[in-house]
Amino acid sequence: MSTLLVYFVIGSLVVLLTGIAAYFLTARKYQSSSTVANSYDQWTLDGILEFYWGEHIHLGHYGSPPRRKDFLAAKSDFVHEMVKWGGLDKLPNGTTVLDVGCGIGGSSRILARDYGFAVTGITISQEQVKRAQELTPQELNAQFAVDDAMALSFPDASFDVVWSIEAGPHMPDKAVFATELMRVLKPGGILVVADWNQRDDRQKPLNFWEKPVMQQLLDQWSHPAFSSIEGFSELLAATGLVEGEVITADWTQETLPSWLDSIWQGVVRPSGFLRFGLSGFIKSVREVPTFLLMRLAFGAGLCRFGMFRAVRANSPTKLMDRNFVQENPFLPIYRCKNQN
């Protein structure tokens, strides 16, 4: 083996090991809501995520069975498929919608433009709100604000529809998240959620290789935990605010091509290198291992793409009674006694 080849091999190993070390050392581990906000602020400011993923920071829908499709078109298609699956296409113009975890407003704009809804999009990222406002024409009935999905600032029964795509993994307490989503729905209102979910490990615990993979999926993108489809469905039902049953579906196969398409964007759109330079290239390449791990997890059944639909109960609820008492602590409580 020539000296030049030896140096090349050694150099390649050094670069590889340095890259692996950097990947683990620069993980964006969840610490608080500020961790999530800071991550999305940075992703929004540098513009790389928007360049490659477009205005929809979520997976695409490739049909059932999946077929080849433009990456950005698949994302828009996802919104329309979610509208149809949730039965929202039957709702009238002016229906009020809360888009929880709205990103830079891609879904909100479609809901306002194509379905005539009055949309309020909320995100924990101030920079995402600014960018959403920049991208939204004034004639659209869509507004955006910074808010925390774990403690929404809206009163009970504020919206006809609550909508959320891939926000759940960032929520540290899934029960609180479920309650907040249902709380702000009007009686008879519809909740439609799409989320990344873990396999229900109560039925089948994670094995030796699944545990480190799952840990990286949590650590790299500021996720405190994934719920399972079964688990989150149970949490929604446990709020006491659901009329009938929570409807669920598994869209793993419909969305699975998104992960490799995310990587392929960097190949078919080389202008990104010219636009963002070497630092942008390094940032982009840094995300490739996580995309591959996501593809592995969803393809192997460790993760599933869950869909949830629930209707807010019409009857008065214990939650509303409790809120009323908490807001009026000195109000006397009278209990009716049986007069027989």
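Reckoned from all heavy atoms, side chains included, excluding hydrogens, waters and symmetry mates.
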**OP:** Mark yes or no for whether His61, through its side chain, and Gly63, through its backbone, hold a donor-acceptor pair below 3.5 Å.
**Re:** yes
Original post:
Looking at Ala237 and Val246, what are the two nearest heavy atoms and their distance?
Top reply: N-CG2, 4.1 Å
Original post:
Has the side chain of Thr179 got a donor or acceptor atom that lies under 3.5 Å from a matching backbone atom of Thr239?
Top reply: no
Subject >> Arg28 and Asp219 ion-paired at < 4.0 Å >> reply: no
Subject >> Near-ring test His170/Tyr30, centroid separation under 6.0 angstrom >> reply: no
Subject >> Phe144 with Val36, same ILVMFWY side-chain cluster at under 4.5 Å >> reply: no
Original post:
Side-chain heavy atoms under 4.5 angstrom apart, residues restricted to Ile, Leu, Val, Met, Phe, Trp, Tyr: same cluster for Met182 and Val176?
Top reply: yes
Subject >> Modelled atom types, side-chain donor and acceptor of Gln126 and Arg131, under 3.5 Å >> reply: no
Original post:
What's the spacing between Lys75 NZ and Phe71 CZ if we round to 0.5 Å?
Top reply: 4.0 Å
Original post:
Which word best sums up how the rings of Phe276 and Tyr52 line up, parallel for under 30°, tilted for 30 to 60°, or perpendicular for over 60°?
Top reply: tilted
Subject >> Student check: side-chain heavy atoms of Gln133 and Gln138 closer than 4.5 Å >> reply: no
**OP:** Return the minimal non-hydrogen interatomic distance between Val184 and Phe154, and the atom names on each side.
**Re:** CG1-O, 3.9 Å
**OP:** Carefully, step by step, assess Ser39 and Ser222 under the rule side chain to side chain donor-acceptor pair (under 3.5 Å).
**Re:** CA-CA 8 Å; Ser39 295; Ser222 296; 3.2 Å; yes
**OP:** Kindly compute the distance separating CG (Asp99) from CD (Gln143), expressed to the nearest 0.5 Å.
**Re:** 12.0 Å
Subject >> Heavy-atom pair with the smallest gap, counting every atom of Arg275 and Phe51 >> reply: NH1-CD1, 3.2 Å
Original post:
Quick check, are the ring centers of Tyr115 and His80 under 6.0 angstrom apart?
Top reply: yes
Original post:
What are the two closest heavy atoms between Ala167 and Asp195, and how far apart are they?
Top reply: N-OD1, 3.4 Å
Subject >> Residue pair Glu210, Arg199: steps toward the salt bridge (Lys or Arg N to Asp or Glu O under 4.0 Å) verdict >> reply: CA-CA 11 Å; Glu210 292 174 331; Arg199 184 186 71 230; 2.8 Å; yes
Original post:
Are any of the side-chain heavy atoms of Arg295 and Phe291 separated by less than 4.5 Å?
Top reply: no
Original post:
So if you build clusters from Ile, Leu, Val, Met, Phe, Trp, Tyr with side-chain heavy-atom gaps below 4.5 Å, do Leu218 and Leu292 land together?
Top reply: yes
Subject >> Exam field: side chain Ser164 to backbone Val100, donor-acceptor pair closer than 3.5 Å >> reply: yes
Original post:
If Ile, Leu, Val, Met, Phe, Trp and Tyr residues are connected whenever their side-chain heavy atoms lie under 4.5 Å apart, and connections chain through other members, are Val129 and Ile165 in the same group?
Top reply: no
**OP:** Inspect the contact between Arg183 and Asp156 and indicate whether a charged nitrogen and a carboxylate oxygen are less than 4.0 angstrom apart.
**Re:** yes
Subject >> Distance, nearest 0.5 Å, that separates OG of Ser262 from CG of Leu59 >> reply: 7.0 Å
Subject >> Side-chain heavy atoms of Ile190 within contact of Leu185, under 4.5 Å >> reply: no
**OP:** Determine, step by step, whether Ser153 and Asp147 satisfy the side chain to side chain donor-acceptor pair (under 3.5 Å) criterion, reporting the C-alpha distance in whole Å, the side-chain angles of both residues, the deciding distance to 0.1 Å, and the verdict.
**Re:** CA-CA 7 Å; Ser153 61; Asp147 206 351; 2.8 Å; yes
**OP:** Assess whether side chain to side chain donor-acceptor pair (under 3.5 Å) is satisfied between Ser228 and Gln198, documenting all intermediate values.
**Re:** CA-CA 5 Å; Ser228 65; Gln198 178 183 306; over 6 Å; no
Original post:
Is there a side-chain contact between Glu55 and Arg109 (heavy atoms, below 4.5 Å)?
Top reply: yes
Subject >> Same cluster (ILVMFWY, side-chain, under 4.5 Å), Ile263 and Phe273 >> reply: no
Original post:
Are the aromatic rings of Phe232 and Phe226 close, with centres under 6.0 Å apart?
Top reply: no
Original post:
Can you tell me how far the OG atom of Ser107 sits from the CD1 atom of Ile104, to the nearest 0.5 Å?
Top reply: 10.5 Å
Subject >> Carboxylate-amine/guanidinium contact Glu234 Lys174, below 4.0 Å >> reply: no
Original post:
Closest approach of Cys102 and Gly121, non-hydrogen atoms and distance?
Top reply: SG-C, 3.5 Å
Original post:
Would Trp163 and Val119 satisfy side-chain contact (heavy atoms from CB on, under 4.5 Å), going step by step from the backbone distance to the final call?
Top reply: CA-CA 10 Å; Trp163 165 287; Val119 185; over 6 Å; no
**OP:** Kindly indicate, with the supporting measurements, whether the criterion side-chain contact (heavy atoms from CB on, under 4.5 Å) is fulfilled by Thr248 and Met307.
**Re:** CA-CA 5 Å; Thr248 64; Met307 301 294 297; over 6 Å; no
Subject >> Audit row: Val311, Val242, side-chain contact (heavy atoms from CB on, under 4.5 Å) steps and yes/no >> reply: CA-CA 6 Å; Val311 175; Val242 175; over 6 Å; no
Original post:
Between atom CG of Leu72 and atom CZ of Arg269, what is the distance when rounded to the nearest 0.5 Å?
Top reply: 6.0 Å
**OP:** Please confirm whether the backbone N or O of Gly60 pairs with a side-chain atom of Ser258, one donor and one acceptor, at under 3.5 Å?
**Re:** yes
**OP:** Any chance you could lay out the salt bridge (Lys or Arg N to Asp or Glu O under 4.0 Å) test for Glu243 and Arg312, step after step, and finish with the verdict?
**Re:** CA-CA 6 Å; Glu243 183 177 278; Arg312 170 70 188 261; over 6 Å; no
**OP:** May I have the step-by-step check of side-chain contact (heavy atoms from CB on, under 4.5 Å) for Trp209 and Leu296, ending in yes or no?
**Re:** CA-CA 11 Å; Trp209 72 265; Leu296 171 66; 4.0 Å; yes
**OP:** Classify the angle between the aromatic ring planes of Trp221 and Trp196 as parallel (below 30°), tilted (30 to 60°) or perpendicular (above 60°).
**Re:** tilted
**OP:** Inspect the contact between Arg68 and Asp261 and indicate whether a charged nitrogen and a carboxylate oxygen are less than 4.0 angstrom apart.
**Re:** yes
Subject >> Short side-chain to backbone donor-acceptor contact, Glu180 and Leu152, under 3.5 Å >> reply: yes
Subject >> Audit row: Phe117, Phe159, ring-ring contact (aromatic ring centres under 6.0 Å, His included) steps and yes/no >> reply: CA-CA 11 Å; Phe117 297 158; Phe159 297 92; over 10 Å; no
Subject >> Gap separating the CG atom of Asp70 from the OG atom of Ser76, nearest 0.5 angstrom >> reply: 9.0 Å
**OP:** Could you check whether the rings of Trp85 and Trp251 sit parallel, tilted or perpendicular, using 30° and 60° as the cut-offs?
**Re:** perpendicular
Under 3.5 Å donor-acceptor pairs involving side-chain atoms of residues 90-98, not counting sequence neighbours:
unit_1 : atom_1 : unit_2 : atom_2 : d
Thr95  : OG1    : Pro92  : O      : 2.7
Thr96  : OG1    : Asp160 : N      : 3.0
Thr96  : OG1    : Asp160 : OD2    : 2.9

Original post:
With a 4.5 Å heavy-atom cut-off, do Val213 and Leu302 have their side chains touching?
Top reply: yes
**OP:** Taking the six-membered ring for Trp and the full ring for Phe, Tyr or His, determine whether the centres of Trp259 and Phe298 are under 6.0 Å apart.
**Re:** yes
**OP:** Return the minimal non-hydrogen interatomic distance between Lys29 and Thr35, and the atom names on each side.
**Re:** O-CG2, 3.0 Å
Original post:
Between the main-chain N or O of Gly306 and the side-chain N or O of Asn197, is there a donor-acceptor pair closer than 3.5 Å?
Top reply: yes
Subject >> Lys/Arg N to Asp/Glu carboxylate O, Arg304 vs Glu230, below 4.0 Å >> reply: yes
**OP:** Return yes when atom CH2 of Trp264 has more than 12 non-hydrogen atoms of other residues, nucleotides or ligands closer than 6.0 Å, and no otherwise.
**Re:** no
